[in-house]
Amino acid sequence: MAEQVRALLHEQHIPEPKAWRFAQVPGEGVWGFSLPFFPIAAAEVRAKGLKMPVPQRAQELAQAAAERVRDLPGVQRVEAVRGYLNIYVDPHAYGRQVVDTVLAQGPNFGRAPRRGQRLMVEFSQPNTHKAFHVGHLRNVILGEAVCRILDAAGYEVVRANYLGDIGWHVIKWLWNYLTYHQGEEPPTEDKTTWISQLYIEANRRLKENPDLEPQVRALFHRWEARDPELLALWEKTRQWSIEGFEEIYRLLDVHFDRVYYESEMEEPGKALVEELIRRGIARDLRPNGPVIVPLDELLGLDKETYRTYVVLRSDGTSLYATKDLPLAIQKFREYPDLVQSIYVIDVRQSLYMKQIFKTLELMGYEWADRLYHLAYELVLLPANLIQEVQEVDLEAEAPAEAEGKPQAKAASSREGAVLLDQLFQEAHRRARAIVDEKNPSLPAATKDRVAWQVALGALKYSMLARENTRFFVFNWQQALDFNGNASPTIQYAHVRCASLLRKAGGAPEASVTPQHELHPAEVALISQLAAFPGVVLRAAAEYKPLHITNAAFALARAFNDFYDRCPVLAAEDPQVRDFRLRLVAATKQTLANALHLLGIEAPEVM
RNA sequence: GCCCCAGUAGCUCAACGGACAGAGCAGCGGCCUUCUAAGCCGUCGGUUGCAGGUUCGAAUCCUGCCUGGGGCACCA
């Protein structure tokens, strides 16, 4: 269709507008192409020196084009309005085509052809021997959604995790365990909470009694000396942590293809630092200073840009910075064909990430320009939760906020509060209460399952339905708001579709061309379906699940509107009924596909 | 001091340089003997932080400023 119009315009020597939009024309209940003629008009006025307002010339051009396009096959109506050429296509043929496409492609609707390109997404990156809390949740949910979206956009995605399995926090935990909990085992369920309690306890003991610190330092030396007994305990307890994480990942429906360990990067990292020094990229200031990569100096930049990258402590012990270099290299060694290596990491690490990338570039790795930092903002805790946090937050410093200032505090890794288990249980409790209220006749087991689908969906959706780089202020009410622009609205639309299809015994398999005059609600719904594949590509290109949540919500709203206005089962004309049933089936499929990209389940009943 | 991000309805947020800046929540008023009311409709609500600039056209791009948050050598 677009091709035909394009060819015709070309034939008639009418310049072709640059921006092609296939969309509903504002205010109209039908759809078509919308072409603005302003750029051409502007160019013309400039070139020929016409004394004429651009909008007027645009309108003239649009009108001229309209005359030519009018008789094309498939074109139902053409109009030139305020400089736009609107070409309306035959809604019956188009409606059938959209519905047929969705139903033919099924779960693949919205999925692009395979590109034969692989990329890696590193996300989650929890520390072992520590809590996993709401602050970590956004990372996991975002990372997983981005992976699913990239996969749908045709990439082969390698999901990578990077476990912080060593460092002072681990040593502190081990010290507390050895000294006060020798021989204890975690519970079979919710290991993470147990582990995190021991960590909080370790911090409390050390804060209350700083004299104990030499014990911890002594333990660190035993670690450095690779004391076999300590190593064995470390491995065992680390495994508990990992099992705890797996519980959470299972619940969130997240998996990883490759797990890297921080502890494995320590030796290679130190070796790399030596190489950097040898090659004159790094400067060794030991023992009076650290090993640094003076990036701005090396690049001859007068203005502070990359600043100075510290790669090794003055005492020779390693930093995160030491280990991130070999990690990046290891990834490309294993997967040389990666077209991109994405790091889902807190926006505060932006400068640090740039330093890593630049250093790798200076080292001559040709893939350095394929590294990408996907930044996201923190989850904040509002004032009413801070109190709760502080009760268990014995490591963080007391907040010194002024009176009257909006109080929000980052849910940083030091804080134990709002653990995931607590959050999930509360979410489930609330969702279950609503299921009981809305649909009391469901069997208890079904109610329970639906409550999980709704609860997790609401949490995931609330974190994805905003710009990655905007703060997410956590509060129970909003995170678990089941109305409006939230996942239950979308799930509910899916349930309504399922219900209609159940009652009808499924949708007709054969293609149906609607003969009736389509209701504006039907047109709007079909438009939403047609837009979905484009939205997926855009979400992938920008790494923004937000586009998917917006599209899913718009689709759910369009469906609810349709549901309210257009009888399906009760339609008098069997052909209308058949077409609408197929439309319902297509909507159900697209809603399910969209929810899947967000990692959210689509219930059959709720 | 340098750098990054944000500032849009009372609140939380959308909006590919394009048509009248849209949703949800909260408020008010309607719609369930009829396909699940977790829904739908109506209504109220805006000088898109300020001032310039570019453009036929700016919430969007550029410059400056204001406000808030964050980052800047051995934390992770």
Side-chain angles (χ1 to χ4, degrees), chain A residues 19 21 25-27 34 36 38-39 41-43 45-46 53-58 81-84 86 125 127 164 167-169 262 285-286 289-292 294 303-315 317 319-321 346-352 354 375 377-378 380 405-406 408 410 412-414 431 434-435 437-439 454 462 465-467 469-471 473 475 477-478 481-486 488-493 495-496 498-500 502-504 534 538 542 546-547 549-550 553-554 556-557 559-561 563-571 580 584 605-606:
Chain A
R21 295 215 306 178
V25 177
S34 174
F38 296 103
V45 168
R46 245 193 315 273
V54 169
Q56 193 185 329
R57 181 62 191 149
V81 178
R82 300 157 82 175
Y84 288 84
N86 295 328
Q125 309 115 329
N127 285 325
W168 279 103
H169 70 278
E262 194 182 336
L285 305 177
R286 286 174 297 176
V291 179
I292 60 168
K303 202 167 173 181
E304 290 184 349
T305 307
Y306 297 99
R307 299 167 192 270
T308 301
Y309 180 39
V310 178
V311 286
L312 198 68
R313 285 201 189 91
S314 48
D315 65 1
T317 56
L319 297 156
Y320 248 29
D346 171 7
V347 69
R348 286 154 207 242
Q349 312 288 336
S350 294
L351 174 60
Y352 173 64
K354 278 187 200 157
E377 259 298 357
L378 295 185
L380 296 180
K405 257 179 134 182
S412 84
S413 61
R414 290 179 167 182
I434 292 174
V435 176
E437 178 201 326
K438 303 282 186 188
N439 205 343
V454 169
S462 65
R466 65 194 63 234
E467 283 285 351
T469 50
R470 287 182 87 125
F471 283 104
V473 178
N475 85 50
Q477 205 181 341
Q478 208 182 310
D481 187 358
F482 298 149
N483 298 315
N485 187 358
T489 302
I490 299 160
Q491 291 174 315
Y492 182 64
V495 165
R496 280 177 145 182
S499 175
L500 285 174
R502 257 197 315 276
K503 292 202 164 144
R538 191 178 162 210
E542 299 176 17
L546 168 65
H547 294 312
T549 61
N550 282 347
F553 183 59
R557 270 181 59 82
F559 174 76
N560 281 328
D561 190 34
Y563 183 89
D564 213 58
R565 295 161 192 277
C566 305
V568 178
L569 302 177
R580 287 185 176 163
V584 169
V605 292
M606 66 188 270

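Predicted model, so just to flag it, every value in this text is computed and none were measured.
- A/Phe553 comes within contact range of the sugar-phosphate backbone alone, with a heavy-atom separation under 4.0 Å but no base atom that close.
- The phosphate of B/A14 has OP1 or OP2 within less than 4.0 Å of a side-chain N or O from A/Arg470.
- Nucleic acid contact class of A/Arg466 (heavy atoms, under 4.0 Å, all strands): sugar-phosphate only.
- Taking only distance into account, the side chain of A/Gln491 never meets the base of B/A38 through a donor-acceptor pair shorter than 3.5 Å.
- Across all strands, A/Arg307 comes closer than 4.0 Å to base atoms (heavy-atom distances).
- One C1' atom belongs to B/G17, the other to B/C61, and the distance between them is 8 Å to the nearest Å.
- Secondary structure note: stems in RNA chain B built from 3 or more consecutive Watson-Crick or G-U wobble pairs under 3.5 Å occupy B:1-7 with B:66-72, B:10-13 with B:22-25, B:27-31 with B:39-43, B:49-53 with B:61-65.
- Using a 4.0 Å heavy-atom cutoff across all strands shown, A/Glu377 reaches no nucleic acid atom at all.
- Note on A/Val347: nothing from the nucleic acid sits closer than 4.0 angstrom, heavy atoms only.
- Separation of the C1' atoms belonging to B/G46 and B/A15 is 14 Å when rounded to the nearest angstrom.
- Nucleic acid contact for A/Arg557: sugar-phosphate only, since backbone atoms but no base atoms lie under 4.0 Å from a heavy atom of the residue.
- One P atom belongs to B/C4, the other to B/C65, and the distance between them is 13 Å to the nearest Å.
- Within the 4.0 angstrom heavy-atom criterion, only backbone atoms of the sugar-phosphate kind lie near A/Thr469; the bases stay farther away.
- Among the atoms of the strands shown, none is found under 4.0 Å from any heavy atom of A/Val311.
- Residue A/Thr489 places at least one side-chain N or O under 4.0 Å from the OP1 or OP2 atom of B/G39.
- Atom name C1', nucleotides B/A59 and B/G22: the rounded distance is 12 Å, in whole Å.
- Taking atom C1' in both B/C2 and B/A73, one finds a spacing of 16 Å when rounded to whole Å.
- At a cut-off of 3.5 angstrom, the base of B/C74 holds at least one donor-acceptor pair with the side chain of A/Ser314.
- Counting non-hydrogen atoms under 4.0 angstrom, A/Val45 reaches nothing in the nucleic acid.
- Taking atom C1' on both B/A23 and B/U47, the two are 22 Å apart, rounded to the nearest angstrom.
- Contact between the side-chain N/O atoms of A/Asn550 and the OP1/OP2 oxygens of B/A23 is not found at any separation under 4.0 Å.
- Relative to the side chain of A/Leu319, the nucleotides B/A76, B/A14, B/G24 differ in distance, and B/A76 lies closest.
- If you check every strand for non-hydrogen atoms under 4.0 Å, A/Asp315 touches nothing.
- Nucleotides B/G24 and B/C44 have their P atoms positioned 15 Å apart, rounded to a whole Å.
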